[in-house]
Each structure stands twice: as C-alpha cells, then as structure tokens.
2 protein chains.
Amino acid sequence: MNSKPEKIIFKGHIRLALSVLGGKWKLEILYYLRQATLRFSELQELMPEVRQKVLTEQLRELEHDGLVTRTVYAEVPPRVEYGATPYAHALLPVLEMLCDWGQEHEKRTEALAAAKEAQESR
Amino acid sequence: MNSKPEKIIFKGHIRLALSVLGGKWKLEILYYLRQATLRFSELQELMPEVRQKVLTEQLRELEHDGLVTRTVYAEVPPRVEYGATPYAHALLPVLEMLCDWGQEHEKRTEALAAAKEAQESR
DNA sequence: CAGTATCCTAAGGGATACTG
DNA sequence: CAGTATCCCTTAGGATACTG
C-alpha cells in the first residue's frame, strides 16, 4: 500500500467543487438554508438583487447536484420549500472560514487604503 | 458592547471573498504556491491548460489583492518568482476542505450513477 | 523567460413579460 | 406563489502573435 504521507490534491477535486459551487449566488443560498428550510419568496426577500430567473436556475442546479432539497406542497397558492442536504452541511465550515477570511481581507484593504491616503497627504 | 452570540455573516464578506478568489484558476494557483515559491514557467508546466495570458492575469490580480508576491530578479534571462503571502496561507485550510468535499462529491456522484444504471438494467 | 497586444467566443447572468 | 419564456449584454477567459 502506498503510505506516502504526501498530501495529494487532485486538481479535479478543486475543479469539481468549483463547478458545483461556482454560481454567483450559490454559496449565499446555501448559507441562508443552513438552518431552516425557506420558501422561494423568502429567499427572494433575502436576496433582492437576484432575479427570479437566476434564483430559480441556481436552485435547480443546486438541487441537481444534491445540495438542496425541493419540496412542493400541493396547495393553492403553491408553496415550495428549499432545504440543505447533508452534503451542503458538510460545506458550512468552509463557508464560515471563507467569510471570516473575507472579513479579514476587508479590514486589511481598509487599513491599506488609510495608510496610502496618509502617505499621499504628506 | 453587543454580545449577541448570533452568527452574523455579512453577505458582503462572502461576496468579497468570491470576488478575490473567483478566477477560474486562482485557487489552483494558490494551492501550488502553498509551500514553495515557483517561477512563472514552473506554474505553466503545472497547469498546461492555462494560457500564458490568463495565467499572467490571474497572478496579477492575486498580487493586487495581496495574496501572492512577485519577485523579479534582474537577470538575463529574466527570472520571476511567485509566492504566497500570509493571507493566502490563511486560506489553505479552506482549500483543503473544499478539496475533500470535492472528493466526497465525486464518490457520491459515481455511486448514484451506478445505482441508476443498475436500476435501468432491471 | 516572462511577459504584453489583439481579437474573439461562449456562457453566465440581467431585464422584462407571461402563466399554471 | 413560484415559476417559465425570451432576449440581451457584459465579461472572463481562450487563441494567436509579437517583444524587452
């Protein structure tokens, strides 16, 4: 058996992950679905900048990739609820880290900008 | 002070992170630079599918966002080395998790496909 | 070696309108 | 309510060629 401790990351795996998560709003959707199922309209309210069409598309793709569940209630008016699957939940820590990093990055960028300004007004 | 334990993720932070890491090859580049600095040509060999122009662009953007360092050695022929900054290193755990997840996802997808086939030949 | 300079294509989304 | 159906447009990234 190959017991090489070397960490081998197959390019394919990053690429695969990116292909699934690459949509502009997918991570955000998953984040909103992390704890509760939400109706389509609730997601829309949370993300007003996203067009219905696009939101639907992204949800369909996430569903296809097994990250969200879609439950249709045969009522009038129709009700559709979206939830996160276990596979999506496995992604949450990643999301949180990404977010923390984004926060750090923001701080850093601001600090840099401030420093630059100070230098320019010198 | 606001001691609300509630986890607030500002949309902006995911979006910010995505805007920095969104390039098609950026995560992969960062991965290759995780341990050692590499020359431009070495990166090219590692990622033959990426055109020079694109590789250059992605590197420039990463540099601009403070994720990679670019060192030019005034030699003939020119030598340029790229390295990862501490900010990039803070991202490595995320990368690894993403990768692991990609691997899981692959397995799952294969399992699903196999199951489907079995059912169809029934 | 490590780039720029052009040109071009594909596709992910955006905007608006219509419907079961 | 929760979608489809169109049309359109930007832009990231690909292909090829040229240079300090």
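Just so we're clear, the structure is a prediction, and the values are computed from it rather than from any experiment. Each chain gets a letter, A, B and so on, in the order its sequence line appears, and its residues count up from 1.
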Next on the checklist: Would a single hydrophobic cluster contain both B:Val80 and B:Val76, if residues Ile, Leu, Val, Met, Phe, Trp and Tyr are joined by side-chain heavy-atom contacts under 4.5 Å?
Outcome noted: no
Item to check | Proximal nucleotide (of D:dG3, C:dC1, C:dG3) relative to the B:Arg60 side chain | outcome: C:dG3
Checklist outcome for this item: In whole angstroms, the gap separating P of C:dA2 from CG of B:Leu46 amounts to 13 Å
Checklist entry - In whole Å, what is the span from the CG atom of B:Leu43 to the P atom of C:dA2? => result 10 Å
Item to check | Student check: side-chain heavy atoms of B:Thr37 and B:Thr71 closer than 4.5 Å | outcome: no
Checklist entry - Base, sugar-phosphate, or nothing: which does A:Tyr82 touch, judged by heavy atoms less than 4.0 Å apart? => result sugar-phosphate
Item to check | Separation of atom CG in B:Leu55 from atom P in C:dG3, rounded to whole Å | outcome: 9 Å
Next on the checklist: I'd like to know if B:Arg60 and B:Glu57 make a salt bridge, using a cut-off of under 4.0 Å between side-chain N and carboxylate O.
Outcome noted: no
Checklist entry - Does some side-chain heavy atom of A:Val68 sit less than 4.5 Å from a side-chain heavy atom of A:Leu30? => result yes
Identify all pairs in which a protein N or O lies below 3.5 Å from an N or O of nucleotides 17-20 of chain C, and state each distance.
none

Next on the checklist: Base contacts versus sugar-phosphate-only contacts with protein, heavy atoms under 4.0 Å: please encode nucleotides 5-12 of chain C as B, S and - from 5' to 3'.
Outcome noted: -BB-----
Checklist entry - Who does D:dC18 pair with, Watson-Crick or G-U, both distances under 3.5 Å? => result C:dG3
Next on the checklist: How many whole angstroms separate atom CG of B:Leu38 from atom C1' of C:dC1?
Outcome noted: 15 Å
Checklist entry - Of all the nucleotides listed (C:dG3, D:dA2, D:dA15), which has the minimum atom distance to the side chain of B:Thr56? => result C:dG3
Next on the checklist: Using the side chain to side chain donor-acceptor pair (under 3.5 Å) definition, which of the options B:Glu28, B:Arg34, B:Gln35 pairs with B:Tyr31?
Outcome noted: B:Arg34
Checklist entry - Is A:Gln58 reaching over with its side chain to a backbone N or O of A:Trp25, donor-acceptor style, under 3.5 angstrom? => result yes
Next on the checklist: From CG of A:Leu59 over to P of D:dG3, roughly how many Å is that when rounded to an integer?
Outcome noted: 8 Å
Checklist entry - How about A:Gln44 and A:Leu55: do any of their side-chain heavy atoms sit closer than 4.5 Å? => result yes
Next on the checklist: Only pairs with both distances under 3.5 Å count, Watson-Crick or wobble alike; so what is the partner of D:dA12 in this structure?
Outcome noted: C:dT9
Checklist entry - What integer distance in Å separates B:Glu61:CD from C:dT4:P? => result 13 Å
Next on the checklist: Measure CZ/A:Arg51 against C1'/D:dC9 and give the value in whole Å, please.
Outcome noted: 14 Å
Next on the checklist: Using 0.5 Å steps for rounding, measure from the CD atom of A:Glu110 to the NE2 atom of A:His105.
Outcome noted: 10.5 Å
Item to check | Note, A:Tyr82 side chain near A:Ile29 side chain (heavy atom, < 4.5 Å) | outcome: no
Checklist entry - Separation of A:Arg70 atom CZ from D:dC1 atom P, in whole Å? => result 16 Å
Checklist outcome for this item: Among D:dA15, C:dC1, D:dG3, the one nearest any side-chain atom of B:Arg39 is C:dC1
